[in-house]
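Report on the following structure.
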Amino acid sequence: MGLGLGKFQYTKGLHDLGNGGYAWLQPDGGWGWSNAGLIVDSGESFLVDTLFDVPLTRDMLAAMRKAEPKAAAKINTVVNTHHNGDHCNGNECCAGAEIIAHKLAVEGMRHEPPALLAGFLDMAPGLGDLGKYVTQCFGAFDFKGVTQTLPTTTFETELTRHVGSKEIRIMHVGPAHTPGDALVYVPADRTVFTGDILFIEGHPIMWEGPVGNWIDACDKIMAMDVETVVPGHGPITGKNGVKAVRDYLVYVRDEAKKRHDAGLSALDAALDIDMSDYDSWGDGERIVVNVATLYKEFNGDSTPNDAVTLFGQMTEVAKKKGILKV
């Protein structure tokens, strides 16, 4: 039984949510294939996230203009739900718009510009299986064609904007997936855009933590008066999808803690945890990152994760699972 809302197909392109709300979906929801949203009212527009590169973002904006010729002719406001490039690299396509993000998301954008992944891909041919894995994840995107365009407005806790008469609440719930994670809640539409707090039918990836904040973010969504939940990746869902992600986080936390207390290394623990209930979810190799981040939390270690090492370990797990085409 899938977690997508039955009334919405999981197909690439623009999906009308009703009442001036739209979701842009990019199956299969794996690395870089993120979702975005549009909220319109009274001829005004508000964009939730841009995409991983300029061509993808331009295609999305063209579809939005076709659906809403007046409101989407010029995007007034953009919010980036966090700093990962698949949610902000297309910002340059919204010239003149106010671009909003949490202050920690802006810091993350400065530290991880598009050139970083472009350089990694340039090195990939000489990196063996790691290079093949990185190329498999990110080779479809044009990072060299991106001119990083940073947000113009930052916030710390919560920010309210209006599109026409429609209220939009932007709420910081990180650090969780990343330090600057934000939810975008549209009460009048009973809709929330979650960024990467939700990966639906794909393994979430916990770059930051603590896991308690992520679980709390799921609880916050569950407490909202919403029926339409647009995740950062995967099909449009409802509260059943939120609960599934929450259950995943609790399960992985508890299983990792048992193995941590038994003295297993983070990698051995990641390989030992029975994830068979999640075999249908994509990107199963991300368990390596999730357990590594949890171990740091258990140990009170606040040093950043070594992304290159973790990508190397994900490569090995992806080979074992047959995810990596070698």
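Atom CZ of F193 sits about 11.5 Å away from atom OH of Y22, to the nearest 0.5 Å. The structure places CE of M171 at 5.5 Å from CD of E158, a figure rounded to the nearest 0.5 Å. Once rounded to the nearest 0.5 Å, the distance linking CE of M206 with CG of N290 reads 5.0 Å. L324 CG to K132 NZ: the interatomic distance, rounded to the nearest 0.5 Å, is 7.5 Å. Atom CD1 of I170 and atom CZ of R161 lie 6.5 Å apart (nearest 0.5 Å). With values rounded to the nearest 0.5 angstrom, E316 atom CD is found 9.0 Å from L130 atom CG.
For residues 112-127, every residue pair satisfying the side chain to side chain donor-acceptor pair (under 3.5 Å) rule, not counting sequence neighbours, is listed here: H83-E112, D122-K144. Applying the salt bridge (Lys or Arg N to Asp or Glu O under 4.0 Å) test to every pair with at least one member in residues 202-222, sequence neighbours left out, gives these pairs: D219-R246.
Between F138 and F143, the closest side-chain pair of non-hydrogen atoms falls below 4.5 Å. Using a 4.5 Å heavy-atom cutoff, the side chains of V163 and T77 are not in contact.
When all heavy atoms of A182 and F155 are compared, the pair lying nearest together is CB-CZ, 4.0 Å. Taking both residues in full, the closest heavy atoms of I215 and R253 are given as CD1-NH1, 3.7 Å, listed atom of the first, atom of the second, then distance. Considering every non-hydrogen atom in both N80 and I99, the closest pair reads OD1-CG2, 3.4 Å. Contact between P231 and L198 at its shortest, heavy atoms only, is CB-O, 3.5 Å. Of all heavy-atom pairs spanning T152 and A97, the tightest one is OG1-O, 4.4 Å. Considering every non-hydrogen atom in both Q148 and R110, the closest pair reads NE2-N, 4.4 Å.
Neither side chain, N89 nor D53, offers a donor N or O lying under 3.5 Å from an acceptor on the other. Looking only at atom types and distance, the side chain of T303 has a donor-acceptor partner in the side chain of K296 under 3.5 Å away. Side-chain atoms of D49 and N35 include no donor-acceptor pair closer than 3.5 Å. Defined by atom type and a distance below 3.5 Å, a donor-acceptor pair is present between the side-chain atoms of Y133 and E285. Using modelled atom types, one finds no donor on one side chain facing an acceptor on the other under 3.5 Å when comparing D28 with H233. No hydrogens or angles considered: nothing links the side chains of D181 and H172 as a donor-acceptor pair under 3.5 Å. Side-chain contact, E167 with Y185: no donor N or O sits under 3.5 Å from an acceptor N or O. Side-chain contact of N84 with T178: a donor-acceptor pair under 3.5 Å is absent, judged by distance alone.
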**OP:** Evaluate side chain to side chain contact (heavy atoms under 4.5 Å, CB included) for I100 paired with V78, printing each intermediate quantity in order.
**Re:** CA-CA 6 Å; I100 299 167; V78 180; over 6 Å; no

**OP:** Assess whether salt bridge (charged side-chain N to carboxylate O under 4.0 Å, His left out) is satisfied between K257 and D261, documenting all intermediate values.
**Re:** CA-CA 6 Å; K257 187 69 166 67; D261 293 350; 2.9 Å; yes

Original post:
What do the steps show when you test L3 against N240 for side chain to side chain contact (heavy atoms under 4.5 Å, CB included), and what is the final call?
Top reply: CA-CA 7 Å; L3 296 171; N240 61 320; 4.0 Å; yes

**OP:** Could you walk me through whether Y251 and D274 pass the side-chain hydrogen bond (donor to acceptor under 3.5 Å, both in side chains) test, one step at a time?
**Re:** CA-CA 10 Å; Y251 173 73; D274 179 6; 5.0 Å; no

Original post:
Should F46 and V79 be marked as a side chain to side chain contact (heavy atoms under 4.5 Å, CB included) after you check the CA-CA gap, both sets of side-chain angles, and the distance that decides it?
Top reply: CA-CA 8 Å; F46 185 102; V79 64; 3.5 Å; yes

Subject >> Audit row: T81, V184, side chain to side chain contact (heavy atoms under 4.5 Å, CB included) steps and yes/no >> reply: CA-CA 8 Å; T81 56; V184 181; 4.3 Å; yes

Original post:
Could you walk me through whether D268 and S265 pass the side-chain hydrogen bond (donor to acceptor under 3.5 Å, both in side chains) check?
Top reply: CA-CA 5 Å; D268 286 344; S265 70; 3.3 Å; yes

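Within the 3.5 Å criterion, the main-chain N or O of L25 finds no donor-acceptor partner in the side chain of Y10. Checked by atom type and distance alone, the side chain of K74 never pairs as donor or acceptor with a backbone atom of S45 at under 3.5 Å. Not one N or O on the side chain of D283 forms a donor-acceptor pair closer than 3.5 Å with the backbone of G202. Side chain of K12 to main chain of P27: no donor-acceptor pair is present (N/O by atom type, distance under 3.5 Å, no hydrogens or angles). Side chain of D16 to backbone of G18: a donor-acceptor contact under 3.5 angstrom is found. Side-chain atoms of H102 come within 3.5 Å of backbone N or O of L104 as a donor-acceptor pair. A distance-only check finds a donor-acceptor pair linking the side chain of D306 to the backbone of T309 [under 3.5 Å]. Side-chain atoms of T149 come within 3.5 Å of backbone N or O of T147 as a donor-acceptor pair. At distances below 3.5 Å, not a single donor-acceptor pair connects side-chain atoms of T57 with backbone N or O atoms of P55. Put simply, the side chain of E201 never gets that close to the backbone of P235: no donor and acceptor are under 3.5 Å apart.
Residues I205 and L310 share a hydrophobic cluster, clusters being chains of Ile/Leu/Val/Met/Phe/Trp/Tyr side chains in contact below 4.5 Å. Residues M222 and I200 fall within the same hydrophobic cluster, defined by Ile, Leu, Val, Met, Phe, Trp and Tyr side chains chained together at heavy-atom separations under 4.5 Å. Note on L121 and V146: separate hydrophobic clusters, where clusters join Ile, Leu, Val, Met, Phe, Trp and Tyr whose side-chain heavy atoms are under 4.5 Å apart, directly or indirectly. Both M64 and L51 belong to a common hydrophobic cluster when Ile, Leu, Val, Met, Phe, Trp and Tyr are linked at side-chain heavy-atom distances under 4.5 angstrom. Hydrophobic cluster membership differs between V54 and F141, with clusters built from Ile, Leu, Val, Met, Phe, Trp and Tyr side chains linked at under 4.5 angstrom.
Taking W214 as the reference, H177 meet the ring pair (Phe, Tyr, Trp, His ring centres under 6.0 Å) condition, with sequence neighbours excluded.
In this pair, H87 and H82 present their aromatic rings tilted. The plane angle is within the 30 to 60° band. Ring geometry for Y295 versus H260: interplanar angle over 60°, hence perpendicular rather than tilted (30 to 60°).
The 12-atom threshold is not exceeded at CD of Q9, counting heavy atoms of other residues, nucleotides or ligands nearer than 6.0 Å. Taking a 6.0 Å sphere around NZ of K103, one finds it holds 12 or fewer heavy atoms contributed by other residues, nucleotides or ligands.
A distance of 6.0 Å or more separates the ring centres of H15 and F8. Residues Y248 and W281 bring their aromatic ring centres within 6.0 Å. Less than 6.0 angstrom separates the ring centroid of W31 from the ring centroid of F311.
A salt bridge does not link K258 with D254: every distance from a Lys NZ or Arg NE/NH1/NH2 to an Asp or Glu carboxylate oxygen is 4.0 Å or more.
Checked options L47, T50, L56, L38; the residue passing with L61 is L47 (criterion: side-chain contact (heavy atoms from CB on, under 4.5 Å)).
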